[in-house]
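Reading through the structure tokens given below for one structure.
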Amino acid sequence: MLTAFARAFKTPDLRKKLFFTLGIIVLYRIGTHIPIPGIDYKSVQTCIDQADASQGIFGLVNMFSGGALLQVTIFALGIMPYITASIILQLLTVVIPRLEALKKEGQSGTAKITQYTRYLTVALAILQGTGLVATARSGSLFPTCSVAGQIVPDRSIFTTVVMVITMTAGTAVVMWLGELITDRGIGNGMSILMFISIAATFPSALWAIKQQGTLADGWIEFGTVILVGLFMVGLVVFVEQAQRRIPVQYAKRMIGRRSYGGTSTYIPLKVNQAGVIPVIFASSLLYIPALIVQFSNSTAGWAGWIQANLADTGAPVHITIYFFLIVFFAFFYVAISFNPEEVADNMKKYGGFIPGIRAGRPTAEYLSYVLNRITWPGSLYLGLIALVPTMALAGFGANQNFPFGGTSILIIVGVGLETVKQIESQLQQRNYEGFLR
């Protein structure tokens, strides 16, 4: 693997792409430490030192921003508005015929959908930026901090507007940097930035576990967590690479004197067809009640029940609902992203068939049957992986955003595998040995 890295840097055009990607990553990390105008930076640092780094309902967005959210920097919103916009557009493609038609138009339709995603990203950034400024002004961003109300000393309308515009512009810059990596660098730009944001939280999370440990100054807990993390990474790699290959045979056709078709291929159905999206959906849905309670400042019985059962990630009710929501969204997303009838029709159109299965409707029913069977273990695996930091590692001071569990490890492993495959394919094009032997 190290030899392959050396050969990658020896190839001029590939070396240029790698250095360009690294340069964009450096710019992105610098931006996550530049505070926005109107923020008392000393008060923010005081609150970060006093408060829990996970910050409950803000933990997911803070993880995707690489810790920039709680520091209220120009990249505070990070890549989260773009992720949300992409998911919304993907879901609307199934519902709105116009978007579905654009998706089928090829490159021009995809460009149009990308343009809509950008517009929606900016709109969501304005909405989320306004919410973040309002939360920082009210002191709810750090509920346990004594100087939380001093984070935004100037409460004027002008300062508020400047803060929202700055964060929205920061989101647009992040989106632009991601697209630059996709066009001129290595890998998918948005995924790379997401990878870097999550990886940036690893050292502090691991060191916090070491400091909170009691056995041999915390080194035993630290070593145990590292071993558990390595096991989790191996498990995620194994399941993410697992797939059911449906054999497909194409009939021979004679056109003039030439023979076409007669080839054999397969349809790869992944065990985890939905990826990390069900975990993001479930987390976002469970954050909504906690946000409502926090902004309403209500002392009613329902608010107390939500605070005790839904806002607390260790509560049995939260764990149960979270698990079943992940399973539900896994089936839901697979149902809208993979259409067995469309696949069966395309196979029939080009003379393809599954051995032993009639073309047309029987093929669609068979694909649907296989997909449902492999989605069950995939959804249960997602639910268990997401609950690992809450349950198995609670004794080591882990929280819901612990690096070796939940959303973070799924994204880290998925993006890492995809990027390595892209570098490997470019090496193989130049007759070099790849990463995987």
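For this chain, numbers begin at 1 and follow the sequence in order.
The salt bridge (charged side-chain N to carboxylate O under 4.0 Å, His left out) contacts involving residues 329-345 comprise nothing, where partners must be two or more places apart or lie in separate chains.
For Phe19, the ring pair (Phe, Tyr, Trp, His ring centres under 6.0 Å) partners two or more places apart in sequence, or in a different chain, are Phe9. Evaluation of the side chain to side chain contact (heavy atoms under 4.5 Å, CB included) rule for Ile357 yields Ile354, Pro362, Thr363, Tyr366 as partners, not counting sequence neighbours. Every residue two or more places apart in sequence or in another chain was checked for a ring pair (Phe, Tyr, Trp, His ring centres under 6.0 Å) with Trp176, and none qualifies. The ring pair (Phe, Tyr, Trp, His ring centres under 6.0 Å) search around Phe353 returns none, not counting sequence neighbours. In this view, Pro203 satisfies the side chain to side chain contact (heavy atoms under 4.5 Å, CB included) rule with no residue, not counting sequence neighbours. Among residues two or more places apart in sequence or in another chain, the side chain to side chain contact (heavy atoms under 4.5 Å, CB included) test is passed with Ile74 by Ile34, Ile36, Thr166. Residues satisfying the salt bridge (charged side-chain N to carboxylate O under 4.0 Å, His left out) test with Arg361, not counting sequence neighbours, are Glu365. Remark: Phe331 engages Trp376 in a ring pair (Phe, Tyr, Trp, His ring centres under 6.0 Å) (not counting sequence neighbours). The side chain to side chain contact (heavy atoms under 4.5 Å, CB included) check on Pro247 picks up Pro355, with sequence neighbours excluded.
Under a 3.5 Å cut-off, the side chain of Thr32 and the backbone N or O of Arg29 do form a donor-acceptor pair. A donor-acceptor contact shorter than 3.5 Å is absent between the side chain of Gln273 and the backbone of Val334.
Looking at Val415 and Met194, their side chains never come closer than 4.5 Å, going by heavy atoms from C-beta outward. Between Ile412 and Val236, every side-chain heavy-atom pair lies at or beyond the 4.5 Å cut-off. Side-chain contact between Arg184 and Ile24 is absent, with no heavy-atom pair separated by less than 4.5 Å. Residues Met163 and Leu132 have side chains not in contact (no heavy-atom distance under 4.5 Å, counting atoms from C-beta outward). Annotation: side chain of Val413 is in contact with side chain of Leu417 (closest heavy-atom distance under 4.5 Å). Within the 4.5 Å cutoff, the side chain of Phe195 has no heavy atoms near those of the Thr419 side chain. For the pair Val26/Leu22, no side-chain contact is recorded, criterion being any heavy-atom separation below 4.5 Å from C-beta on.
Using cut-offs of 30° and 60° for the angle between ring planes, the His318 and Tyr322 rings count as tilted. Phe329 and Phe281 have perpendicular rings, their planes meeting at more than 60° on a 0 to 90° scale where under 30° would count as parallel.
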Donor-acceptor pairs under 3.5 Å, side chain of residues 78-86 to any protein atom, not counting sequence neighbours: which ones?
unit_1, atom_1, unit_2, atom_2, d
Thr84, OG1, Met80, O, 2.9
Ser86, OG, Tyr82, O, 2.9

Using atom types as modelled, flag every donor-acceptor pair under 3.5 Å from a side chain in residues 113-126 to any protein atom, sequence neighbours excluded.
unit_1, atom_1, unit_2, atom_2, d
Thr114, OG1, Thr110, O, 2.8
Gln115, NE2, Tyr119, OH, 2.8
Thr117, OG1, Ile113, O, 2.8
Arg118, NE, Glu179, OE2, 2.9
Arg118, NH2, Glu179, OE1, 3.2
Arg118, NH2, Glu179, OE2, 3.3
Thr121, OG1, Thr117, O, 2.6

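When each of Gln241, Glu240, Gln243 is tested with Asn272 by the rule side-chain hydrogen bond (donor to acceptor under 3.5 Å, both in side chains), just one qualifies, namely Glu240. For the pairing with Arg244, the side chain to side chain contact (heavy atoms under 4.5 Å, CB included) check across Val271, Val370, Leu371 returns one residue only, Val370.
Nearest approach of Thr21 to Gly185, heavy atoms of both residues: OG1-CA, 3.3 Å. Minimum heavy-atom separation, Ala359 to Lys348: CB-CG, 4.3 Å. For the residue pair Ser379 and Val327, the shortest heavy atom distance occurs at OG-CG1, 3.8 Å. Shown here for Ala274 and Ala330, the closest heavy-atom pair between the two residues is CB-O, 4.1 Å. The minimum heavy-atom distance between Phe20 and Leu180, with the atom names listed, is CE2-O, 3.5 Å. Closest of all the heavy-atom pairs between Gly383 and Ile326 is N-CG2, 3.7 Å.
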Could you go through the side chain to side chain contact (heavy atoms under 4.5 Å, CB included) check for Leu18 and Ile423 one step at a time? CA-CA 9 Å; Leu18 289 170; Ile423 298 176; 4.2 Å; yes
Test side chain to side chain contact (heavy atoms under 4.5 Å, CB included) on Ile198 and Ile409 and set out the steps. CA-CA 9 Å; Ile198 297 172; Ile409 191 171; over 6 Å; no
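Note that CZ of Arg373 and CG of Leu269 are 13.0 Å apart. Values are rounded to the nearest 0.5 Å.
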